[in-house]
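In what follows, chains are A, B, ... by sequence order, proteins preceding strands, each numbered from 1.
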Number of protein chains: 2
Amino acid sequence: MRRGLEFKKKARIIIVDDNYDHLSGIKELIEIESDFDVVATATSASVAISLIKKYRPEIVLMDINMPEKDGLTAIAEIEKLDLGVRTIALTGYDDPDLIFRAMKIGAKGYILKTMASAQLIYAIDEVANGKIYLPATLSSRFFEYFQKSFKEENQTVVDEDNLLNYLTQREEEVLDLLTQGITYKGVAQKLFISETTVKTHVNNIFQKLQVNDRTQAVLYALNNGFLNRRKVKIAI
Amino acid sequence: MRRGLEFKKKARIIIVDDNYDHLSGIKELIEIESDFDVVATATSASVAISLIKKYRPEIVLMDINMPEKDGLTAIAEIEKLDLGVRTIALTGYDDPDLIFRAMKIGAKGYILKTMASAQLIYAIDEVANGKIYLPATLSSRFFEYFQKSFKEENQTVVDEDNLLNYLTQREEEVLDLLTQGITYKGVAQKLFISETTVKTHVNNIFQKLQVNDRTQAVLYALNNGFLNRRKVKIAI
DNA sequence: GAATTTATAGACCGGATGGACTAGATAGCG
DNA sequence: CGCTATCTAGTCCATCCGGTCTATAAATTC
């Protein structure tokens with residue numbers, strides 16, 4: 001909408017697939033069924049990256065299942081180049097972990113090879129227009145995986161027989177300051193209590209967390225979600 | 001498909017919205033346009049939770065923007081109950097952060113009030129069938145936010161003027177052991193060097209990281225992705 | 001070959017930390 | 001009221017830690 005120039009500009013595409021038959025199949029499909037311009041193809045990730053540097057396409061269709069350098073690593077590298085190239089992962093598997101990793105490293109779309117050709121064209125269109133596109137089915141699978149991982153994280157962090165639960169409020173305050181790398185004297189000043197009191201609290205903390213020194217206490221606190229406790233309640 | 005019983009079973013729904021007009025509007029819409037069964041409605045989150053415990057619906061439509069207890073907190077609580085209730089967030093805002101937080105805490109869908117009624121019915125249908133549903137537009141926004149957060153994470157962790165980069169290999173080994181809560185004597189034994197050597201290394205580490213003690217050094221290391229350095233390369 | 005960096009190690013010192021006790025004040029519970 | 005938990009504070013003592021300075025061998029760089 002900004003300028004007339006951008007409007008009818010064909011998106012330029014590079015296709016990467018180690019299987020040459022698939023490659024030419026997809027190429028033909030795109031050339032016949034759509035308005036996009038396939039400027040190059042590659043059967044390996046390393047060649048693809050050279051081509052991308054050379055042609056600076058808008059879109060890259062990347063097969064994930066390739067020998068040698070796999071597609072995910074390739075996508076990560078492309079993202080690191082930061083050329084504004086938008087990559088769509090293309091694969092036969094709808095494994096949630098694969099989808100998650102692809103989206104995490106910056107893929108702008110994820111399409112199954114078994115999907116209808118119209119879907120592929122649509123995906124390219126959406127991605128070329130700056131959107132991120134996941135078909136509803138895959139999106140659903142992604143979110144299941146996404147939510148499961150968060151659920152597990154919350155459980156291990158919040159629940160369980162977390163020794164942090166045995167700390168009194170004052171002890172938590174002291175530990176909180178310790179996790180900021182503050183010395184006993186500093187803690188005493190901040191809490192307006194004597195240094196010996198701090199030491200008493202600290203020793204009790206050691207007992208309860210079953211550790212021997214500050215560093216271990218701090219590490220225990222960090223590894224067991226001490227800092228997250230408040231956030232969980234306030235932020236969500 | 002499994003049994004005749006499950007096939008035509010109407011999904012039972014509870015609707016929550018602090019605005020009574022919206023509430024009845026949505027209720028009517030669902031009753032007229034779909035086959036679902038609105039078993040109850042509520043204008044506050046706390047009432048809603050009681051009703052959910054009582055009626056055990058399959059689906060809850062939850063308005064996010066409510067005074068008192070907000071919808072996100074309510075969704076989190078419902079998820080904690082673990083009753084198998086599937087919640088769909090319903091709101092006027094397509095703020096990516098809101099979408100992200102809703103999906104993170106376990107919402108099974110996210111619909112804008114401005115969307116067509118057919119979309120709402122479709123969403124309920126999908127969610128009732130065990131899927132997670134985000135309209136393509138919102139899904140796209142979610143992923144932008146999702147990828148941005150990962151990109152930032154990687155940048156702050158890997159690059160930048162990270163003082164950890166100035167450490168020698170030996171110093172890194174020492175720091176690594178310190179981040180495990182090991183004492184100087186222990187480090188000396190593990191590395192087969194004298195304790196005074198460890199102290200020398202540690203003092204150099206303090207200088208380079210510009211900190212004053214072990215705890216601060218460990219905290220610096222953890223906050224600046226010391227442990228991730230290896231993982232970043234292996235995992236992806 | 002001289003200069004620099006890194007890893008090693010020692011001495012000395014003072015302050016910080018941790019362990020083991022004791023103990024008073026306060027608040028809550030049965 | 002007595003019991004318990006919590007917060008407070010103290011003493012004594014041994015050890016650990018951090019600061020500073022010096023020094024040697026090996027490796028690297030110039």
Output a table of nitrogen or oxygen pairs between the protein and nucleotides 6-11 of chain D separated by less than 3.5 Å.
| unit_1 | atom_1 | unit_2 | atom_2 | d |
| --- | --- | --- | --- | --- |
| D:dC7 | OP1 | A:Arg170 | N | 3.1 |
| D:dC7 | OP2 | A:Thr168 | OG1 | 2.4 |
| D:dT8 | OP1 | A:Arg170 | NE | 3.2 |
| D:dT8 | OP1 | A:Arg170 | NH2 | 2.7 |
| D:dT8 | OP2 | A:Arg170 | NE | 2.8 |
| D:dT8 | OP2 | A:His201 | NE2 | 2.9 |
| D:dA9 | OP2 | A:Ser194 | N | 2.7 |
| D:dA9 | OP2 | A:Thr197 | OG1 | 3.0 |
| D:dA9 | O5' | A:Thr197 | OG1 | 3.3 |
| D:dA9 | N7 | A:Thr200 | OG1 | 3.3 |
| D:dG10 | OP2 | A:Ser194 | OG | 3.3 |
| D:dG10 | OP2 | A:Thr196 | OG1 | 3.3 |

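- Rounding to whole angstrom units, CG of residue A:Leu178 and C1' of C:dT17 are separated by 11 Å.
- Residue B:Lys208 places its NZ atom among more than 12 non-hydrogen atoms of other residues, nucleotides or ligands, all under 6.0 Å distant.
- A donor-acceptor pair is defined here as one N or O able to donate and one able to accept, closer than 3.5 Å; no such pair exists between the side chain of B:Thr91 and the backbone of B:Asp63.
- Looking only at distances, no side-chain donor or acceptor of A:Arg56 sits under 3.5 Å from a matching main-chain atom of A:Leu83.
- Within 6.0 Å of NZ in B:Lys27 there are 12 or fewer heavy atoms belonging to other residues, nucleotides or ligands.
- The aromatic ring centres of B:Phe142 and A:Phe143 sit less than 6.0 Å apart.
- Side-chain atoms of A:Arg141 do not come within 3.5 Å of backbone N or O of A:Asp95 as any donor-acceptor pair.
- Residues B:Phe146 and A:Phe100 bring their aromatic ring centres within 6.0 Å.
- Side-chain N/O atoms of A:Thr73 and A:Asp70 include a donor and acceptor closer than 3.5 Å.
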Mind listing the N/O atom pairs, protein and nucleotides 28-30 of chain C, below 3.5 Å?
none

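- Remark: the B:Thr43 side chain and the B:Asp18 side chain contain no N/O donor-acceptor pair separated by less than 3.5 Å.
- Under 3.5 Å, the side chains of B:Thr200 and B:Thr197 contain no donor-acceptor pair of N or O atoms.
- Atom CZ of A:Phe206 is separated from atom P of C:dT17 by 10 Å (rounded to the nearest Å).
- Rounded to an integer number of Å, the gap from CG of B:Asn212 to P of D:dG19 is 6 Å.
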Between the protein and nucleotides 25-27 of chain C, which nitrogen or oxygen pairs are less than 3.5 angstrom apart?
none

